[in-house]
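In what follows, a structure is listed as structure tokens, so that the remarks can point back to it.
Numbering starts at 1 and runs along the sequence shown. Heavy atoms only: backbone and side chains are in, while hydrogens, waters and symmetry mates are out.
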Amino acid sequence: MDVGVQCRNVTKTYGEGESRVTALRGVDLDVRLGELLMLVGPSGCGKTTLISVIAAILDHDGGDVRVLDRDVRTMTARERARFRGETIGFVFQAYNLLPALTAAENAAIPLLIAGVPRTRAVARARELLDSVGLDARANALPAQLSGGQQQRIAIARALVHEPRLIVCDEPTSALDHESGQTVMELLRRVAQSPERALVVVTHDARIFGFADRIARMDDGRIVSLEANHASGGVQ
């Protein structure tokens, strides 16, 4: 199975002097195309920093990061922004929905930025909203929706441009069990494409069964990586 993300001895620090904090301490990790990899561990262990480095949002201090055969460090700022826009879908804890736009318009944003005609972009966004159970709320504004509904819009937005890498930070944290299962079933189907990889940071043990492999982090390092046999995980 081909590798979508490769990290070798990746380090990252914040601050200087006495306030210096080491977030990543030589991370080695491969994420394979066609798999859903979950990244778990205690708060503050470096999970969100790692996926932000993988997604070319944060620079790393040392080591090598390759994403879909691209060396992240060699990209210019313009190349990195274009790479993110075309190749990566994001689901973070903050929904970051625009309050003046409807659910469908918010979900369509990546396509609109890429220059897709508005009618076609919104139609595609409506398809994604339907798949996460929000077809009846496509014309609602964010303020008219619950936190769980807003999270599902954010997930639809991450998928609408069919990215090859999807990174999610606690995608089910605001969802009840049924909604969380619906979202994970969708993400699981998406991850099964042989051209796509999915990394999910989570504390939600209810969704561990959707992973192909589970990487456990502690103190800025990957401490174990195992196949999830409950899901018939990748060996």
CZ (Arg82) with more than 12 external heavy atoms under 6.0 Å: no
In the single-linkage hydrophobic clustering (I, L, V, M, F, W, Y; side-chain heavy atoms under 4.5 Å), do [X] and [Y] co-cluster?
X      : Y      : result
Leu29  : Ile57  : yes
Val122 : Leu159 : no
Val223 : Leu50  : no
Ile109 : Ile153 : no
Leu98  : Leu141 : no

Any idea which heavy atoms bring [X] and [Y] closest together, and the distance?
X      : Y      : answer
Met38  : Ala211 : CG-CB, 3.7 Å
Pro171 : Ile155 : O-CD1, 4.0 Å
Thr182 : Ser131 : CG2-O, 4.5 Å
Glu170 : Ser173 : O-OG, 3.1 Å
Leu112 : Ala121 : CD2-CB, 3.8 Å
Glu35  : Asp30  : OE2-O, 4.2 Å

For the pair Arg213 and Glu226, evaluate side chain to side chain contact (heavy atoms under 4.5 Å, CB included) and give the outcome as yes or no after the intermediate values. CA-CA 6 Å; Arg213 294 189 300 158; Glu226 62 222 28; over 6 Å; no
Gap separating the [atom1] atom of [X] from the [atom2] atom of [Y], nearest 0.5 angstrom:
X      : Y      : atom1 : atom2 : value
Cys7   : Asp64  : SG    : CG    : 9.5 Å
Arg70  : Phe83  : CZ    : CZ    : 6.0 Å
Arg157 : Arg152 : CZ    : CZ    : 15.0 Å
Ile207 : Thr172 : CD1   : OG1   : 3.5 Å
Phe210 : Met184 : CZ    : CE    : 6.0 Å
Gln144 : Thr102 : CD    : OG1   : 10.0 Å

Any chance you could lay out the side chain to side chain contact (heavy atoms under 4.5 Å, CB included) test for Asp2 and Glu195, step after step, and finish with the verdict? CA-CA 9 Å; Asp2 293 334; Glu195 297 299 318; over 6 Å; no
Does [X] come within less than 4.0 Å of [Y], counting only side-chain N to carboxylate O?
X      : Y      : answer
Arg25  : Asp219 : yes
Arg164 : Glu86  : no
Asp71  : Arg73  : no

Verify side chain to side chain contact (heavy atoms under 4.5 Å, CB included) between Phe208 and Ile214, making sure each step is shown before the conclusion. CA-CA 8 Å; Phe208 285 2; Ile214 297 177; 4.2 Å; yes
Identified side chain to side chain contact (heavy atoms under 4.5 Å, CB included) counterpart of Leu39 within the set Val200, Ile51, Val31, Leu225: Ile51
Going by the side chain to side chain contact (heavy atoms under 4.5 Å, CB included) test, name the single residue among Leu24, Val72, Val67 that passes it with Val53. Leu24
Could you check if a side-chain atom of [X] sits within less than 4.5 angstrom of a side-chain atom of [Y], using non-hydrogen atoms only?
X      : Y      : result
Pro142 : Asn106 : yes
Asp218 : Pro42  : yes
Arg66  : Arg8   : no
Val5   : Leu165 : yes
Gln149 : Ser179 : no
Thr87  : Leu68  : yes
Val40  : Thr202 : yes
Asp130 : Glu127 : no

Which pairs, with at least one residue in residues 103-116 and sequence neighbours excluded, count as a salt bridge (Lys or Arg N to Asp or Glu O under 4.0 Å)? Glu105-Arg118
Check whether the side chains of [X] and [Y] place a donor and an acceptor atom closer than 3.5 Å, and report yes or no.
X      : Y      : value
Asn139 : Arg126 : yes
Thr13  : Asp61  : yes
Tyr14  : Thr49  : yes

Going through the distances and angles, do Asp176 and Arg206 end up as a salt bridge (charged side-chain N to carboxylate O under 4.0 Å, His left out)? CA-CA 11 Å; Asp176 60 30; Arg206 299 173 302 174; over 6 Å; no
Polar side-chain atom of [X] near backbone of [Y] as donor-acceptor pair, under 3.5 Å:
X      : Y      : value
Thr11  : Gly26  : no
Glu79  : Thr76  : yes
Asp135 : Leu129 : no
Lys12  : Leu58  : no

Connecting only ILVMFWY residues whose side-chain heavy atoms lie within less than 4.5 Å of each other, what is the rest of Val116's hydrophobic cluster?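 Hydrophobic cluster check, Val116: joined to Leu111, Val160.
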Residues forming a ring-ring contact (aromatic ring centres under 6.0 Å, His included) with Phe90, sequence neighbours excluded: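 By the ring-ring contact (aromatic ring centres under 6.0 Å, His included) rule, Phe90 matches Phe92.
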Dump the intermediate steps for side chain to side chain contact (heavy atoms under 4.5 Å, CB included) on Val65 and Val10, then the final yes or no. CA-CA 7 Å; Val65 178; Val10 176; 3.6 Å; yes
